[in-house]
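Note: hydrogens, waters and symmetry copies are ignored here, and every other heavy atom, side chains too, is used. Note that the coordinates shown come from a computational prediction; the quantities given were computed from them, not determined experimentally.
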Amino acid sequence: TLGPTVLVTFVASDATTLVDNVKLYYSFEGADWVDSGIVKENTSLDVVFTGSFNFAPENGEGEYVFRLVAEDIVGHTAFCETSTIFDETKPTTEVIGDDYVIGGPIVLRLFGEDPQVDTRTISGIDYVELFFMFSVDGDFAGESWATTGVTTATIDRLGTYTMSWD
């Protein structure tokens with residue numbers, strides 16, 4: 001499957017025999033376990049078998065729980081689980097301010113939202129950083145964006161955040 005993938009890494013070992021293979025299973029949003037069909041074989045017979053899987057999230061955005069099942073060369077199995085939230089939706093942002101300011105601080109209102117269908121899987125906005133471009137004559141050709149050095153702390157809920165600087 002083409003498109004974005006989730007990297008799932010593992011380290012497997014066995015105290016008495018070698019690990020033969022590791023298989024990847026997943027559960028999407030608490031549903032039944034699904035065999036991903038991805039298996040890593042310990043072809044180099046490493047005592048400590050390390051590797052990774054590139055998993056293509058077939059169900060799209062949401063919470064995935066991964067179960068990695070290690071099997072040794074005599075058929076004994078053990079497993080471990082880990083989870084991740086797969087989120088491809090980019091947050092939206094908007095900046096509102098006065099058209100011009102003569103002296104005094106420039107006050108801008110920043111709006112940010114990371115909409116999700118299911119609030120259990122909201123990843124949220126980590127931070128908002130404010131950049132600006134400046135030109136004396138109003139010609140921005142050749143100018144580049146610069147940071148104001150102003151960032152918010154982690155935004156853990158939807159809402160309106162105001163930043164200002166002099």
Side-chain angles (χ1 to χ4, degrees), residues 1-14 18-73 75-97 108-133 140 144-163:
T1 303
L2 297 176
T5 59
V6 175
L7 183 66
V8 181
T9 60
F10 65 86
V11 176
S13 62
D14 189 302
L18 293 174
V19 172
D20 183 48
N21 64 68
V22 175
K23 297 177 183 175
L24 179 66
Y25 296 82
Y26 71 93
S27 170
F28 177 70
E29 294 289 336
D32 291 340
W33 290 103
V34 176
D35 183 347
S36 72
I38 306 172
V39 179
K40 293 286 181 170
E41 301 286 341
N42 188 2
T43 56
S44 57
L45 303 176
D46 295 324
V47 174
V48 177
F49 180 34
T50 61
S52 61
F53 298 103
N54 284 313
F55 175 77
E58 298 175 9
N59 298 92
E61 294 184 340
E63 182 179 22
Y64 288 84
V65 178
F66 298 104
R67 178 177 284 177
L68 294 99
V69 179
E71 182 178 5
D72 68 15
I73 58 175
H76 298 133
T77 61
F79 70 90
C80 65
E81 294 177 3
T82 187
S83 65
T84 191
I85 295 174
F86 182 66
D87 177 8
E88 289 187 291
T89 302
K90 295 178 182 179
T92 58
T93 58
E94 182 180 4
V95 179
I96 298 175
L108 301 173
R109 288 174 189 79
L110 304 177
F111 302 90
E113 183 179 27
D114 189 13
Q116 300 291 319
V117 174
D118 185 341
T119 57
R120 291 177 301 137
T121 61
I122 190 166
S123 59
I125 296 174
D126 188 27
Y127 67 93
V128 175
E129 185 172 0
L130 186 59
F131 290 81
F132 73 97
M133 191 180 293
F140 292 97
S144 59
W145 290 100
T147 182
T148 62
V150 175
T151 60
T152 64
T154 299
I155 297 174
D156 58 0
R157 61 185 173 84
L158 300 178
T160 301
Y161 298 84
T162 302
M163 293 193 244

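A distance of 9.0 Å separates CZ of F66 from CD1 of I38, quoted to the nearest 0.5 Å. The line from CG of N42 to CD of E71 is 12.0 Å long, rounded to the nearest 0.5 Å. Rounding to the nearest 0.5 Å places OH of Y26 at 11.0 Å from CH2 of W33. With rounding to the nearest 0.5 angstrom, the CG atom of D35 is 7.0 Å from the NZ atom of K23. A distance of 8.0 Å separates CG of D20 from CG of D72, quoted to the nearest 0.5 Å.
The two atoms that bring G60 and F86 nearest to each other are O-CD2, 3.4 Å, heavy atoms only.
Under the salt bridge (charged side-chain N to carboxylate O under 4.0 Å, His left out) criterion, E81 pairs with R67, not counting sequence neighbours. Taking the side-chain hydrogen bond (donor to acceptor under 3.5 Å, both in side chains) definition, one finds that S44 meets it with D46, sequence neighbours left out. Applying the side-chain hydrogen bond (donor to acceptor under 3.5 Å, both in side chains) rule to N54 yields no partners; only residues at least two apart in sequence or on another chain are considered.
Taking the centre of each ring, F49 and F10 come in below the 6.0 Å mark. For an aromatic pair to be called close, the ring centres must be under 6.0 Å apart, and F79 with Y25 fails this.
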Run L45 and T43 through side chain to side chain contact (heavy atoms under 4.5 Å, CB included) and show every step you take. CA-CA 5 Å; L45 303 176; T43 56; over 6 Å; no
How far apart are the C-alpha atoms of T82 and V65, what are their side-chain angles, what is the distance that settles it, and do they pass the side chain to side chain contact (heavy atoms under 4.5 Å, CB included) test? CA-CA 6 Å; T82 187; V65 178; over 6 Å; no
Worked check of side chain to side chain contact (heavy atoms under 4.5 Å, CB included) between V22 and V39: CA-CA 6 Å; V22 175; V39 179; over 6 Å; no
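Side chain of E61 to backbone of E88: a donor-acceptor contact under 3.5 angstrom is found. Between the side chain of S83 and the backbone N or O of Y64, no donor-acceptor pair lies under 3.5 Å. In terms of modelled atom types and a separation under 3.5 Å, the side chain of K40 and the main chain of F53 share no donor-acceptor contact.
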